[in-house]
Each structure stands twice: as structure tokens, then as C-alpha cells.
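Below, chains carry the letters A, B, ... as their sequence lines are ordered, and counting in each starts from 1. The structure displayed is predicted, hence computed values, not measured ones.
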There are 2 protein chains.
Amino acid sequence: MNFQSVNVSLIREQNLSLVLQYLLQNSPQTSRTDLMRLTHLSGTTVSALVNILLNSGFVSETGVGESIGGRRPITLELNPTFAYSMGVDIGASHITCMIIDLKGNVVASLSEPFDVIHKAHATMKRAKELLTRMLEIAHLDLSRVAGLGVSIPAPLDGEKQDRLLAFYMPDWEGMVVLDELRPFFDLPMFLENDANAGGIAEKWWGVGRQHHSLAFIKLGVGVGAGLIINDEIYRGFAGSAGEIGHTTIESKGRLCRCGNRGCMESYVGIPGILKDVQSRRGISESSLMTIEDVIAAAKNGEPVNTEVLQTAGRYLGIAIANLLNLVNPEIVILNGYIMDAGDMLMQEVVSSMLERTLPLRAEFTPIVASRLGRDAVAMGAATLVIHQSIQPEYINRFLHLT
Amino acid sequence: MNFQSVNVSLIREQNLSLVLQYLLQNSPQTSRTDLMRLTHLSGTTVSALVNILLNSGFVSETGVGESIGGRRPITLELNPTFAYSMGVDIGASHITCMIIDLKGNVVASLSEPFDVIHKAHATMKRAKELLTRMLEIAHLDLSRVAGLGVSIPAPLDGEKQDRLLAFYMPDWEGMVVLDELRPFFDLPMFLENDANAGGIAEKWWGVGRQHHSLAFIKLGVGVGAGLIINDEIYRGFAGSAGEIGHTTIESKGRLCRCGNRGCMESYVGIPGILKDVQSRRGISESSLMTIEDVIAAAKNGEPVNTEVLQTAGRYLGIAIANLLNLVNPEIVILNGYIMDAGDMLMQEVVSSMLERTLPLRAEFTPIVASRLGRDAVAMGAATLVIHQSIQPEYINRFLHLT
DNA sequence: TTTTTTAAGTTGAAAAAGTAAGTTAATCTC
DNA sequence: GAGATTAACTTACTTTTTCAACTTAAAAAA
């Protein structure tokens, strides 16, 4: 059921949005006739829509294509610098800013470590400074930027989903994140959870391009999934969909930072892995071991490290099997430092997943590594703006038609 | 992203569908002006659409409503007998047929035990006989029936989702279920998984009426969930979404009939519960104990039975917590024989769920018992027809306008 | 060169929604 | 009880947008 009434002018917006989507995807060498075929719209309609896009500067006629027996088609190409989009990835311990164009090219980026968890206001102040500096470096005026996306390392919270769930980050309690940036940037702004942002990035520019539904699993200190269903972020009713880190896979298992037992995150999250290595090798917990150290040593043949990583892989596989049984996405994309472990980890993930989905068709779901790596989340934050801008409701504003 | 182009006549169909939905929901005492307010359509448009519905016989003007200071409104009421819909619930060990009208009134129903699992063709033959007999009893001609929905106790399978996944029911391997009925009923037919059908029924006629997303968990020999998201059945990419029974909650737990360990179903499904009672009370496994016996004894104060049911409840609560963390529906609806246990079970389910969703907003999700009980699935199968018929694509045919 | 094929653009009709003004009906006010 | 007010609904006309058929244009094939 769709509780939305439709009026005449919405038709144009919907179809304009549709043409735009095809141009953004198949960009080079698209002719009007190609668009007719792709959209199943009439020639009249396509010509009218293309004229609008030509006038607004969104596309240009760049030449003629190959003939297939008749008049050669005029090729249309989208102008990737028609608009830029800005994103900030607020991580647990870093801030990463990025500007991308309409083809997903990274125009500029800036990143630095920051104690995000314990300093809410300082984080946002620093983010503002980094964004401003990045705009200067890129020689871009704010008027060329379509909007700003911000990702945060926690589920969204509040009636308006305008703050973060501060359970693990008490200093962020009650802060309306975007309000900290609004005085400095007169732009449409979007707030999103980091895993959801990563999911959108892989859908637009990464391994998810060909798929309409996917799960993007971000493995870090915490573990969360971004679910893309029907090409849109799926947030669930209260915004907590995709919280795979706190799904139970061992009902009386180890204690998790959330206070419960047997959460997947307590086995697969970075602190869990470090603790396992430390306890199994008799190293003191206070030693400054990093996940990179653990993986490097494993690759150099340290058997205990390898075993710990493989165990984590098996637990991750169970959680993914549960995800496939419940949500059944087209593809699962894994992202995070731990992915540097490569096949050692992946083989365990896949075999453990296969065991637990055998009678179901979910077993054919590919599990792959992220293509965008550490850029994924910041890129996704920026992509939120583009994603929104080409929706029928916003398209006239985006093309400066209003 | 919506890859659907829009043409002019689709507007009418969309808006007609919208008006129909409101009439089906708010049925008694709806005036044209009410519809204007509800749909945000203009008076002209609403009047035109209402005239179409009056001419087709779908609604009637039944009288006048209360004045609020001016002319009294003409009340429109949908004619519930404009069309009927037929459903068959093929269970694991029963066949239930049902005819409902457009208000969800049960016009006729027939049910009998049947060894469905081991006899595929015989089941469908018997279903055909029951449906024919039910039509006779109800004195209904096939021309008054809008379609036939069929539910099966397994996930759908095949490219066209036209058969069932025969892992637990080998006799059904390869059978295209609806093809067995097509020669006898010249009707639009729909095949659906039982839990999905139950979900649709609760959404339309039960406790899910006010909600746009819900999870309907069917607890029987197997345990499966039907997910309704944005008022539509969510099937996932390969049709295996909602397979909550085979999600792992104990990575090295008991063996499940699917061959894996620690599936929720092995603790909460009827065979698991019976085996627990038998082993804890030293009764032989071959004794003919039913789940009804177990519940009745528990209610009469048998502590072992109560404990077993409570343990099942705790496991169910964990699986529900996982579902809330991953899918985050608005409400969870429980259905099945085991629900007769009442509060004894529900309290454990809820407290175990709460423990595991505490830091997340999912904790506020209500968990309630099904309102439709054993009728839910057959009713849902029938409702599939209505659900489809009022979609914009089919609405003209439904109103006999083509 | 002529014919065929493909691409792009144009014209007129049709569908549907909206606006504005008008009609009908019931209730309130003086 | 006559006129004013409010509500519900209808009618005539305008706007938007699409589609179908046709025209123009360019290239390839015969």
C-alpha cells in the first residue's frame, strides 16, 4: 500500500529523476534513443526532459556515437562538476572529510585522528574547521556544493533521528549534531549512521552497483550493518535496524560492553580480538597492541593470532547466516581494519556461513570485501546528498529550476 | 531509487487505489470531504473517483452523517460483498479453506487434518475438493470470487517462486503448486509462505492494522516469521527472508532438523518442547504426548512443564531480540498452539527480549499475541487477493472497468 | 543514385488534475 | 421566518504532461 496521492506535475519530476539516474549510472555515451529504451518513455518525453537537463547544465552533448545502420546518435554526457557534495565521517577516533563530484570522483579529502568518543562539541568544531580548510584547498565555493552529509559511529536516536544514541558515548547525549554545523554552512544537511553511509557508498560507487539490496558490515571497535533494500537505506521503525553487533549468537556467552552476553560484537569487535590474543599469549592487557599488529603477526605465521582471527571469522559467519536468514540481501559487503587479514579470515566466514544456511537459498549470497575501504563511510556521507537531490521532490531545486 | 516511469493514466489508477484503501480501512461513515482531507486530493478528483466506485458497485451512498454547522455529509460505505476472496492454508498436517468478503468477514470455512508433508499431489487434490465444496455451501459462484490465495508451510523456491523449498518435504520437490489448481478454478492465483500470509492477515484484519511494519512469528513444528515492511510482504532477494527458526542463538547448541546446531527452532519448535518434557520427566519418546497436553499440565501446576515452556520462551525472546536488532519492525505478533500457554510464556519472552535490546530503541517494540489465531494463515492467503486487486496495476480489472 | 534504417524533433489529441465559480443543503442568528 | 453562514458537492475551464503519428536528418546498404 502506498499512501501517497499523485498529481500531474509529479509525473515530470518522477521521470526527470528517472532519466537522471540512468545518466548518473551509464554516463558515457548515452543518446536520447538509449534513454527511450532504458526508461520506456516516449521520444517526445525524453527529448523534453533532455532539453531541461541541457539548459540547466547538468548534461552536455559531447559528440556523436557509432552508427548501427542509420543516423548517428548524439551522445549525452553528464557534467560531473555540475555540483559537488561534501561528507564527514565522524569515526570513533578520527574525522575524515571528503568532497566528491557527481561521478564519485574524490575531489579533495582530509583526515585526522581525534578523540571523538569523549569530546562531542570539540569534535564538531574540528569537523567544521576541516571542512572549511578542505573547501579552500579544493578552491571550491559553497555555492557549488549541493549539500553536506555527516556520519556518526552510533545508531541515530530521537524522534527526529537528529542525534546519536549516546549509550557508548555519554558526552554526545542530547547533542543535535547538525545544529553544530548549520551556522557555518548554508547547505542541506543529512545525518546518518556510519554503516548505513558505507552501504550507500558501496551501492553507488563500489561492489554494490549492480545490486538493489545489500548489507554493508562495518567491523571496528563496534560492529554494525547498513542495510540497503530496494536501493534505499533501511532504518527500521525506530532506526535501529542493522544492529548486527548486538545480536546474540551464544546465549550464555561472553559479556559484551552493552551489558548482555554472547553478542557477536564481543567476539568479532577489535577489543574482543585483542583480548583473546592477549589472554591466549599471556600478554598484559595494558600493552599497546593494535589490530594491525595482530594481523601482521598472523600473516608472519604466528599460529595463535591466526586461530584467534579464524575464530572471530567463524562467529562473524554465524551472524551473517542469521542476517541472511532474516533479511536475505543480495550481497554482503565487509569493511574494516580486520579485513586486512584477507583469506585467512574470509574462508572461515564463508564456510561458517554456508554451514548455517544450507537448506536455504541464502547460501548463494556472495560475501565480498568492500571496494572503497576506509573511504567508504565519508564517501557515503557525501553520497547521501546526491541520493536525496535526485529524488523527485528535490530535483527541481537541484537543477536550479525553482 | 525508483526505476519505474510514470504515465498519465497511472495517476488515476494510483489515486483510485488510494481512495479504495481508505474506504477499506475507515469504511463506515466516510464522506467525499473526508476523502479529500485524507488523500489531499481536490474535491473534483475525489468526486470523479467516487463516481467510478459508485458505478462499479464497489461503494454505495448509505445515508447522511452528522452536521458540524452546515450541510450534512453523504456517507459512503463500501459494499463488502462486491467481491469475495478465497484462501487455502496448506499446513503441515491440515488443510483449511476460507472465503472472506471485502471487510474480512469469514463467509465460509472448512478444515480437516491431512498428511500434507508426505503427500503432495493428494494434498492439492483434496484442497481442490474442499474449495469446491466450500463454494457450494456458501452458495457462491466463481464469478463472484476475485481470486485464490494458497499458503504453504515452507519457504517459496524456484526462479518464479512457484514451488516450495522441499528440504523438509521431499514429496513436494519440483511441484508447481498452483498448476495443480488452475484447471479447476479460472481465477487469479497467488502462492505464499504461511508466515507471510499470516503477517498480511494481521496487518489487514488483526493487531497490525495500525502499523506499517510488523513481524508475524508462526510457532509450530517449524518456526518462521512473516515480515511486513511498508505495508508489503518483505521476501528478501531469494525469498528466504524471515526464516527466524534457523537463526543461531547457541553456536554449539542442540542439533536441529536442518542439520546445524543451536537453531532457535530446535528449542522453541513443538518437537523440541515435547522432547524436553519427555526427557526431563523420564517419559518414553514414543508416547503420544501433544503440545496441548504439555500446556494443560503446566497450567494445572506441573512445574517441569512450566519450566520447559519458560525456557522455550527465553530462547524465543533471544531470537526476537535479534530480529528487533536487525529488522526493527513496529510490532511483533506471535501465533501458534504454543501461545495457549499465555502469560507463563509471554513474560519470559518479553523479559528475555528486553535484556538483549536494552540500549536500543527496539526495546519499546510491543510483542503481542495474534488476534486471528488459527484462522490467520488461511485468512491471509485470501487477503493476498484483495491486497493485489487494489494495487494500481490491477484496480481497473478488479472494478470491472476493462 | 536510390532505398533502407536509425535518430531526433514536431504537432495535435487525449488523459487527468487543479481552480474558480456556482449549486444545493442544513444550521444559526436576529 | 428571512437572511447569513457554513459545508458538501458539481460544473466548466485551464494547465500539465504524455503518446502516437509524422517530419526532418543523417548515415549505411544496395
Side-chain angles (χ1 to χ4, degrees), chain A residues 4-19 23 29-55 59-77 392 395-396 399 401-402, chain B residues 4-20 22 29-55 59-77 392-393 395-396 399 401-402:
Chain A
Q4 199 89 49
S5 71
V6 172
N7 63 33
V8 182
S9 58
L10 216 128
I11 297 179
R12 161 126 313 175
E13 288 161 12
Q14 167 75 44
N15 286 337
L16 200 50
S17 166
L18 187 69
V19 168
L23 286 168
Q29 321 286 62
T30 310
S31 70
R32 288 170 177 80
T33 318
D34 291 337
L35 288 171
M36 284 173 62
R37 274 191 291 262
L38 289 166
T39 59
H40 304 110
L41 288 169
S42 70
T44 324
T45 308
V46 169
S47 276
L49 297 173
V50 167
N51 280 336
I52 291 175
L53 296 175
L54 283 169
N55 287 331
V59 292
S60 321
E61 295 184 336
T62 50
V64 285
E66 280 306 291
S67 163
I68 48 169
R71 177 173 169 178
R72 290 159 74 183
I74 299 172
T75 51
L76 301 166
E77 204 161 334
I395 199 150
N396 284 330
L399 296 175
L401 299 177
T402 44
Chain B
Q4 201 90 48
S5 69
V6 170
N7 64 33
V8 183
S9 59
L10 218 127
I11 296 179
R12 162 121 320 173
E13 288 161 11
Q14 167 75 44
N15 286 336
L16 199 50
S17 166
L18 188 69
V19 168
L20 235 77
Y22 281 111
Q29 322 288 61
T30 310
S31 70
R32 289 169 176 81
T33 318
D34 291 338
L35 288 171
M36 284 174 62
R37 275 191 289 263
L38 288 166
T39 61
H40 303 112
L41 289 169
S42 70
T44 323
T45 307
V46 168
S47 275
L49 297 173
V50 167
N51 282 335
I52 291 174
L53 296 175
L54 283 169
N55 287 331
V59 291
S60 321
E61 295 184 335
T62 51
V64 286
E66 281 305 289
S67 162
I68 46 170
R71 176 174 170 178
R72 290 157 74 182
I74 299 172
T75 51
L76 300 165
E77 204 161 331
E393 307 90 289
I395 199 150
N396 284 330
L399 296 175
L401 300 178
T402 43

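In this structure, A:Gln14 atom CD and C:dA16 atom P are separated by 18 Å, rounded to whole Å. The separation between A:Met36 atom CE and C:dG9 atom P is 11 Å, rounded to whole Å. Following rounding to the nearest Å, B:Ile11 (CD1) and C:dA15 (P) show an atom-to-atom distance of 13 Å. Distance B:Leu49 CG to C:dA17 C1': 10 Å, rounded to the nearest Å. Atom CD1 of B:Ile74 and atom P of C:dA25 are 10 Å apart (whole Å). Taking atom CZ on B:Arg32 and atom C1' on D:dA8, their separation rounds to 9 Å, with Å as the unit. At whole-Å resolution of the value, CG in A:Leu41 and C1' in D:dT17 are 11 Å apart. Taking atom CZ on B:Arg12 and atom P on C:dA17, their separation rounds to 5 Å, with Å as the unit.
To the nearest 0.5 Å, atoms CG (B:Leu399) and CG (B:Leu53) are separated by 6.0 Å. In this structure, the separation between OG1 on B:Thr75 and CZ on B:Arg32 is 10.0 Å, given to the nearest 0.5 Å. Distance CG/B:Asn15 to CZ/B:Arg12: 8.0 Å, rounded to 0.5 Å.
Between B:Thr45 and C:dG18, a side-chain N or O to OP1/OP2 separation shorter than 4.0 Å is present. Residue B:Asn15 has a polar side-chain atom (N or O) positioned under 4.0 Å from OP1 or OP2 of C:dA17.
The nearest heavy atom of DNA chain D to B:Glu61 and to A:Glu13 marks one nucleotide each, and the one closer to the 5' end goes with B:Glu61.
Scanning atom types as modelled, no donor and acceptor separated by under 3.5 angstrom connect the side chain of A:Ser42 and the base of D:dA20.
Across every non-hydrogen atom of A:Val50 and A:Val59, the tightest pair is O-CG2, 4.5 Å.
Using a 4.0 Å heavy-atom criterion, one finds that A:Thr44 contacts the bases of the nucleic acid, with or without backbone contacts as well.
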Exercise for the section: Might you work through the side chain to side chain contact (heavy atoms under 4.5 Å, CB included) test for B:Leu49 and B:Leu41, ending with a clear yes or no? Expected result: CA-CA 10 Å; B:Leu49 297 173; B:Leu41 289 169; 4.0 Å; yes

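Among the nucleotides C:dG18, D:dT10, C:dA8, the one closest to any side-chain atom of A:Thr33 is C:dA8.
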